[in-house]
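Please read all numbers here as calculations on a predicted model, not as lab measurements.
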Amino acid sequence: FPSHDNKDINPKLKVIVRNEFCTSDTIASLLSLKPSIIIDAIDGIANKCLLISQAREHQIPLISTGGGAGKMDVSQIKILDLAYTINDPLLYRVRKKLREKFQFHKYTRKKNIPFGIQTIFSTEIPVVNTCPAANEGDNDGVGLACEQKMGSLVAVTSVMGIFAAS
């Protein structure tokens with residue numbers, strides 16, 4: 001939001017926009033701003049886990065988002081604790097790394113122990129694009145990102161963003 005719109009939403013709201021990636025090199029300066037809440041939409045597992053663990057360590061509430069790749073049905077977007085998310089390969093790997101590297105509870109789902117992180121994700125099973133046109137040689141590669149196997153539908157990612165902001 002442009003800064004002049006923030007006061008229309010909430011007169012006490014202060015949004016600080018930083019145009020930089022959250023990495024091990026930047027996390028300290030980002031957290032030095034002392035945010036009252038963090039919205040995480042990082043796609044990289046290492047940096048996502050770093051932000052989640054640091055938010056927990058600094059007791060800053062965090063809302064995280066799962067992966068939108070290969071998802072098409074916005075009606076399947078849910079908000080649950082990270083421990084209870086399903087059908088999201090990104091979040092599966094995030095949970096695993098948080099347990100292995102950042103001392104989050106092991107086997108949380110089996111013991112019904114939440115991570116304490118509200119997460120927006122889709123319960124939809126991702127659709128993998130086999131992209132046969134990439135092998136035909138007729139398209140000169142224009143407009144196709146077949147090497148990635150999955151793309152994102154803006155309808156899904158925008159709804160995830162709206163959920164996170166609300």
Side-chain angles (χ1 to χ4, degrees), residues 1 15-74 76-109 113-131 134 141 143-166:
F1 293 107
V15 176
I16 300 169
V17 178
R18 298 279 296 262
N19 189 18
E20 64 184 296
F21 285 103
C22 177
T23 67
S24 58
D25 293 333
T26 63
I27 188 79
S29 71
L30 292 171
L31 294 179
S32 72
L33 300 169
K34 301 189 186 308
S36 56
I37 191 165
I38 296 171
I39 297 177
D40 156 45
I42 298 172
D43 288 330
I45 293 167
N47 291 331
K48 189 176 198 74
C49 290
L50 175 66
L51 179 61
I52 291 170
S53 68
Q54 289 297 300
R56 180 177 77 163
E57 184 176 313
H58 289 87
Q59 300 179 352
I60 302 168
L62 178 133
I63 299 169
S64 188
T65 60
K71 309 291 180 110
M72 295 184 279
D73 183 357
V74 296
Q76 293 193 50
I77 295 173
K78 308 287 183 222
I79 304 173
L80 289 176
D81 188 274
L82 177 61
Y84 309 124
T85 62
I86 60 170
N87 298 333
D88 191 306
L90 171 67
L91 296 178
Y92 169 80
R93 292 168 55 199
V94 165
R95 284 192 309 270
K96 184 176 180 181
K97 185 165 187 154
L98 287 172
R99 290 174 181 137
E100 291 172 354
K101 307 270 184 196
F102 296 98
Q103 293 75 47
F104 277 70
H105 298 291
K106 293 197 182 293
Y107 310 111
T108 55
R109 192 170 292 160
I113 301 171
F115 277 109
I117 300 163
Q118 290 298 299
T119 306
I120 295 122
F121 72 104
S122 172
T123 59
E124 181 180 11
I125 296 171
V127 175
V128 177
N129 178 11
T130 57
C131 206
L144 294 174
C146 297
E147 67 278 359
Q148 295 178 4
K149 300 284 187 207
M150 295 195 300
S152 298
L153 184 63
V154 71
V156 172
T157 56
S158 64
V159 170
M160 291 174 122
I162 290 167
F163 275 37
S166 66

Given the rule in the side chain to side chain contact (heavy atoms under 4.5 Å, CB included) test, do I77 and K71 qualify, once you have shown the distances and angles that lead to the verdict? CA-CA 10 Å; I77 295 173; K71 309 291 180 110; over 6 Å; no
Derivation of the side chain to side chain contact (heavy atoms under 4.5 Å, CB included) call for L90 and I45: CA-CA 7 Å; L90 171 67; I45 293 167; 3.7 Å; yes
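- Distance alone, capped at 3.5 Å, places no donor-acceptor pair between the N87 side chain and the E124 backbone.
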Does V94 form a side chain to side chain contact (heavy atoms under 4.5 Å, CB included) with F115? I'd like the steps, not just the answer. CA-CA 12 Å; V94 165; F115 277 109; over 6 Å; no
Please report the C-alpha distance between K48 and L91 in whole Å, then the side-chain angles of each, then the deciding distance to 0.1 Å, and finally whether the side chain to side chain contact (heavy atoms under 4.5 Å, CB included) criterion is met. CA-CA 10 Å; K48 189 176 198 74; L91 296 178; 4.1 Å; yes
Would you mind writing out the side-chain donor-acceptor pairs for residues 54-62 within the sub-3.5 Å range, not counting sequence neighbours?
unit_1	atom_1	unit_2	atom_2	d
R56	NH2	F102	O	3.0
H58	ND1	Q54	O	2.9

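- Taking CG from L31 and OG1 from T26, the interatomic distance works out to 9.0 Å, rounded to the nearest 0.5 Å.
- There is a side-chain donor-acceptor pair under 3.5 Å between R95 and T85.
- Taking all atoms of both residues into account, the shortest heavy-atom contact from G68 to S152 is C-OG, 4.0 Å.
- Counting heavy atoms of neighbouring residues, nucleotides and ligands inside a 6.0 Å radius, atom CD1 of I39 exceeds 12 of them.
- Without hydrogens or angle criteria, D40 side chain to S64 main chain gives no donor-acceptor distance under 3.5 Å.
- Judged by distance alone, the side chains of Q76 and S122 never bring a donor and an acceptor atom under 3.5 Å apart.
- Counting all heavy atoms, side chain and backbone alike, T65 lies closest to A41 at OG1-CA, 3.3 Å.
- The two residues H105 and P114 have their closest heavy-atom pair at CD2-O, 4.1 Å.
- Between G66 and M160, the shortest heavy-atom contact is O-CE, 3.9 Å.
- Once rounded to the nearest 0.5 Å, the distance linking CG of L98 with CD1 of I117 reads 6.0 Å.
- Residue I79 holds its CD1 atom at 7.5 Å from CD1 of I63, rounded to the nearest 0.5 Å.
- Of the inter-residue distances, the one linking I113 atom CD1 with Y84 atom OH reads 8.0 Å to the nearest 0.5 angstrom.
- Around CG of D43, the count of heavy atoms belonging to other residues, nucleotides or ligands within 6.0 Å does not exceed 12.
- Rounding to the nearest 0.5 Å gives a distance of 8.0 Å between CG of L50 and CD1 of I42.
- To the nearest 0.5 Å, the span separating CZ on F121 from CD1 on I86 amounts to 6.0 Å.
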